[in-house]
Protein chains: 2
Amino acid sequence: MNDVARAAGVSMMTVSNVLNDRPRVGEETRRRVLDVVADLGYEVNLTARHLRSGRTDTVAFVVPGFQTYFDEIADRLAAAFGEQGRHLVVESTGARPENELAALSSVRLSMYDGVILSVVGLTRAEIEGVRTTAPLVLLGEVEVPDRFDHVMLANAEGAELATARMLATGSRRIAVVGGDSEGSQDGGMAATRRAGWVRAHERAGLVADPALVAPAVGVGPEVGREAVRHLERSGVDYDGVFALTDSTAVGVLAGLAEAGRRVPQDVQVVGFDNLDLAEFTVPGLTSVDPGRDAVAQHAARLLQRRIDGATPEPEHVVVPVRLVERGSTRASQGHPPAHREPPRTS
Amino acid sequence: MNDVARAAGVSMMTVSNVLNDRPRVGEETRRRVLDVVADLGYEVNLTARHLRSGRTDTVAFVVPGFQTYFDEIADRLAAAFGEQGRHLVVESTGARPENELAALSSVRLSMYDGVILSVVGLTRAEIEGVRTTAPLVLLGEVEVPDRFDHVMLANAEGAELATARMLATGSRRIAVVGGDSEGSQDGGMAATRRAGWVRAHERAGLVADPALVAPAVGVGPEVGREAVRHLERSGVDYDGVFALTDSTAVGVLAGLAEAGRRVPQDVQVVGFDNLDLAEFTVPGLTSVDPGRDAVAQHAARLLQRRIDGATPEPEHVVVPVRLVERGSTRASQGHPPAHREPPRTS
DNA sequence: GTGAAAGCGCTAACAT
DNA sequence: ATGTTAGCGCTTTCAC
């Protein structure tokens, strides 16, 4: 930068001003500086800028693993922050609580203008211990202390919706399949969604059979297929499956196919997340849509206001869910649902 | 850090030495410093360290989009670099060439100890213009100048393998479905894989029908489903589909299901990438396995030696592929294939 | 509209 | 084994 300044016959300060599009620079000076910059191929050192100004123009999205669900959110976040000239980087904790905690340390936080952390493994107490004033938004289906901004899904409601839907079209033995991410704590996503499954039964005057809860760890398709295999082996009677995530549901569909069960005639299936993929399974997967757009939008908004330096009341957003119906559930009689997609035509 | 030094009664340099696990510090001094650090809750400023030392302990993986294919590579890269105490961050270019170029600018490169860039949209000429000595490894199915390290797949061979497999079990009208990522250049992945499809026909003494090439842009499932719909509408005869990516193949399977075509009896399907998902489609998807482990391993290795400061001859690695057979292709007679997975049992 | 001085927090190099 | 000096490249502050 010194070189540029000298070559342009100005001070470093003027070069800095030009490069940052600051107003009080003469038009001619600006041209000259830019020419020299182009000539010399000069590029600012972002690290030095960061050290001096505290700004990185980069936001981190820290996820438990590189997965489709987070991909779809990351895309939206990247778009939101891109509009304001900020970069998004994605980091993975590998679902290890110690890495989640590390992401909350000032060390890592200081690398970014702000951080959006998807929490799965930390206890409330561990989060409680976090001392930071850096812009931070928590995402995820766990309890977090009041003083943090937090975006989560209406998990219980979604699970209830999914279960009720299958009950409404005749299923009476609905298995719950799937668990939490590996390394996650109790009281997280799985427990909450299972509670929704129970409540749907209660509301219908039925009793959910605990034998139909497949204990499992993990959110991937292996979990779904294994659970179905287990159900088949154990000879338990079932005519519906609520998969805690779409990814698991994909495994459930594979398991049912290999067992020769027809979907939805013999067994109805509903997932949770409404991944883009849900439209392309065979049959199409009825799924709880968590409003990913809303999740990303809220997260971006909450982080933005922290970055802007405001210290508002922390917000705890619960994003509403809806059910998107596809071929893995039987057509419901009478009142057509709001969001059934048009039937596929050849 | 100054505070820590003072409180511990030592100089900043000693604190720095302790924090960096450098050898020449007395055991007692080390204890005392660490105590004070814990007491004061001091944490190093990574930016300052970076500015001074030039080291960030962070490596970037720049991808065209947050997608399953790259997720699976990112996981492996994160593991590889994690072992050496480096962080991996993933950035997306949105498949926009200008962003790929930006990732290659010194500005961005200087943020990281090294960068692995997955190229889809840049022309050879554009890459040629890149002047950088920063540790950089290029990934992807495009031509790149000799002076860069580059890891790519055996695309043509894989496509040939896929096509030949369907020819061997009776398909004679094999459609090619899928395109390049949006924003990518000609001569990339799609062209190369289509060439493999042609060559497989030639080797079998057959002629590939250009009418069976579905012109398409994009690598997602929509592309696959739309292509099948188009084939059906146009009344073209076909009894096999080579999908350029597994993601597209998933859409193909959905399209075939909605058209009432049985897989593999009426139409065989082979994909490319062997995503984890391929094991869970209905039926299971026969797919070309690009050796993701090898891709990640080579990329990590090549980047590592650059980071280590070596300036070796650039390497151009072509990772070999193999075919993993599942239910979307008919059983081959006679010589059983090396990699057919065990049949699913209930 | 432009420049000079100061310093962000750390570490390399060289003392001691 | 520990301390001193200097400076990484930029921007903030204040003066002109």
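Naming convention: chains lettered A, B, ... in sequence-line order (proteins, then strands); numbering from 1 in each chain.
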Do any N or O atoms of the protein come closer than 3.5 Å to N or O atoms of nucleotides 5-9 of chain D, and which pairs are they?
| residue | atom | partner | partner atom | Å |
| --- | --- | --- | --- | --- |
| D:dG7 | N2 | B:Arg52 | NE | 3.4 |
| D:dG7 | N2 | B:Arg52 | NH1 | 2.9 |
| D:dG7 | N3 | B:Arg52 | NH1 | 3.2 |

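We find the NE2-CG distance between A:His298 and A:Asp149 to be 12.0 Å, quoted to the nearest 0.5 Å.
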For residues 31-38 of chain A, tabulate all N or O donor-acceptor pairs below 3.5 Å that involve a side-chain atom, not counting sequence neighbours.
| residue | atom | partner | partner atom | Å |
| --- | --- | --- | --- | --- |
| A:Arg32 | NH1 | A:Ala8 | O | 2.4 |

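Nearest-nucleotide positions on DNA chain D place B:Gly9 closer to the 5' end than the other of B:Gly9 and A:Ser16.
The residue A:Arg55 sits apart from the nucleic acid: no heavy atom pair falls under 4.0 Å. A:Asn20 comes within 4.0 angstrom of sugar-phosphate atoms only, judged by non-hydrogen atoms across all strands, and of no base.
Residue B:Arg6 contributes atom CZ, which lies 19 Å from atom P of D:dT2 at whole-angstrom precision.
More than 12 heavy atoms of other residues, nucleotides or ligands lie within 6.0 Å of CD in A:Glu43, so this atom counts as buried by the packing criterion.
Look at A:Arg147 and A:Glu313 and you find no salt bridge, because none of the NZ, NE, NH1 or NH2 atoms lies under 4.0 Å from a carboxylate O. Between A:Arg292 and A:Asp273 there is no salt bridge, since no side-chain N of the basic residue sits under 4.0 Å from a carboxylate O of the acidic one.
Looking only at distances, a side-chain donor or acceptor of A:Glu126 sits under 3.5 Å from a matching main-chain atom of A:Thr123.
The closest side-chain heavy-atom distance from B:Val142 to B:Val120 is not below 4.5 Å. Looking at B:Pro64 and B:Ser118, their side chains come closer than 4.5 Å, going by heavy atoms from C-beta outward. No side-chain heavy atom of A:His87 sits under 4.5 Å from any side-chain heavy atom of A:Asp57. Using a 4.5 Å cut-off on side-chain heavy atoms (C-beta onward), A:Pro314 and A:His150 make no contact.
Scanning residues 26-37 of chain A for heavy-atom distances under 4.0 Å to DNA chain C yields A:Gly26, A:Thr29.
Contacts classified as salt bridge (Lys or Arg N to Asp or Glu O under 4.0 Å) and involving residues 86-104 of chain B (residues at least two apart or in different chains) are given here: B:Arg86-B:Asp113, B:Glu91-B:Arg108, B:Arg96-B:Glu98.
On the nucleic acid side, DNA chain C contacts chain B at distances under 4.0 Å to non-hydrogen atoms, with the end points of that region at C:dG9 to C:dA13.
Between the axis at the start and the axis at the end of the helix from C:dG1-D:dC16 to C:dT16-D:dA1 there is an angle of 30°, using five pairs per end and rounding to 10 degrees.
For the 3.5 Å distance criterion, the side chains of A:Gln67 and A:Asp71 fail to qualify, holding no donor opposite an acceptor. B:Thr47 and A:His50 share a side-chain donor-acceptor pair at under 3.5 Å.
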